[in-house]
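Working notes, structure below.
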Amino acid sequence: QVQLVESGGGLVQAGGSLRLSCAASGRIFSIVRVAWFRQAPGKEREFVATVTWGGAGTYYEDSVKGRFTISRDSGKNTVCLQMNSLKPEDTAVYYCAAASAPGMATAQARYKYWGQGTQVTVSS
């Protein structure tokens, strides 16, 4: 089993920045990829960004490209999501998820392990 704990959410004004962290523990040697998803009120959960556990490969949803950066801190078994130039439409609960098997990087079904989520609220 892999345990994921998110932190770093909060309230920020539009144009501001937040840094989310996802700390992994347990059978971390089985992780091949970590992603962030988000779910806004009344909407389905959607893909945001992903990184390979080795840290080399990243991929972003179009609306966050150039604003968000996902990275892996191998020394801390942590994946971070740096969010800059935040917009009110970025308001959502952000979830960290880990995959231990190959598959489509953006597909929620691929990710076996999920964190509890952290709220991000961007005011206008």
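Taking OG from Ser63 and NZ from Lys87, the interatomic distance works out to 7.5 Å, rounded to the nearest 0.5 Å. Interatomic distance, CD of Gln3 versus CD1 of Ile28, reported as 10.5 Å (0.5 Å rounding). For the atom pair Glu89 CD and Lys43 NZ, the distance stands at 8.5 Å (nearest 0.5 Å).
Looking only at atom types and distance, the side chain of Asp73 has no donor-acceptor partner in the side chain of Thr78 under 3.5 Å away.
Residues Ser30 and Val2 share a closest heavy-atom pair of OG-CG2, 3.9 Å. Across all their heavy atoms, Thr52 and Arg33 have their closest contact at CG2-NH2, 3.3 Å. Across every non-hydrogen atom of Ala24 and Ile31, the tightest pair is CB-CD1, 4.1 Å. Between Ser17 and Ser85 the shortest heavy-atom distance is OG-N, 4.4 Å. Across all non-hydrogen atoms, the minimal contact from Ala35 to Phe47 is CB-CE1, 4.4 Å. The two residues Trp36 and Ile70 make their nearest non-hydrogen contact at CD1-CD1, 3.6 Å.
Counting only heavy atoms from C-beta outward, the side chains of Thr118 and Leu20 approach each other to under 4.5 Å. Contact check for Val51 versus Tyr59: no side-chain heavy atoms found under the 4.5 Å cut-off.
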Chi angles and distances behind the side-chain hydrogen bond (donor to acceptor under 3.5 Å, both in side chains) call for Gln108, Arg45
CA-CA 9 Å; Gln108 295 186 47; Arg45 189 160 56 187; 2.9 Å; yes
Should Tyr60 and Thr69 be marked as a side chain to side chain contact (heavy atoms under 4.5 Å, CB included) after you check the CA-CA gap, both sets of side-chain angles, and the distance that decides it?
CA-CA 8 Å; Tyr60 299 90; Thr69 302; 3.8 Å; yes
What do the steps show when you test Cys22 against Cys96 for disulfide bond (SG atoms under 2.5 Å apart), and what is the final call?
CA-CA 6 Å; Cys22 173; Cys96 175; 1.9 Å; yes
ring-ring contact (aromatic ring centres under 6.0 Å, His included) for Trp114 and Phe37? Distances and angles first, verdict last.
CA-CA 10 Å; Trp114 291 80; Phe37 292 82; 5.1 Å; yes
Dump the intermediate steps for side chain to side chain contact (heavy atoms under 4.5 Å, CB included) on Val12 and Ser123, then the final yes or no.
CA-CA 6 Å; Val12 65; Ser123 62; over 6 Å; no
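Linking Ile, Leu, Val, Met, Phe, Trp and Tyr residues whenever their side-chain heavy atoms come within less than 4.5 Å leaves Leu18 and Leu11 in two separate clusters. At a threshold of 4.5 Å between side-chain heavy atoms, the hydrophobic network of Ile, Leu, Val, Met, Phe, Trp and Tyr places Val79 and Val5 in two separate groups.
Between the side chain of Thr91 and the main chain of Thr121, no donor-acceptor pair closer than 3.5 Å is present. Arg110 contributes a side-chain N or O that, together with a main-chain N or O of Ala101, makes up a donor-acceptor pair within less than 3.5 Å. Using modelled atom types, one side-chain atom of Glu6 and one backbone atom of Gly117 make a donor-acceptor pair closer than 3.5 Å. Remark: the backbone N or O of Ala105 is paired with a side-chain donor or acceptor of Tyr111 at under 3.5 angstrom. Remark: the backbone N or O of Val34 is paired with a side-chain donor or acceptor of Thr50 at under 3.5 angstrom.
Both cation-pi conditions hold for Arg72 and Trp53: the charged atom is under 6.0 angstrom from the six-membered ring centre and inside a 45 degree cone around its axis.
For CD of Glu44, the number of neighbouring non-hydrogen atoms (other residues, nucleotides, ligands) closer than 6.0 Å is 12 at most.
Under the side chain to side chain donor-acceptor pair (under 3.5 Å) criterion, Lys65 pairs with Asp62, sequence neighbours left out. With sequence neighbours excluded, no residue forms a side chain to side chain donor-acceptor pair (under 3.5 Å) with Ser71.
For the side chain to side chain contact (heavy atoms under 4.5 Å, CB included) test with Met83, the passing option among Val48, Asp90, Val122, Val120 is Val120; the others fail.
For residues 92-103, every residue pair satisfying the side chain to side chain donor-acceptor pair (under 3.5 Å) rule, not counting sequence neighbours, is listed here: Arg38-Tyr94.
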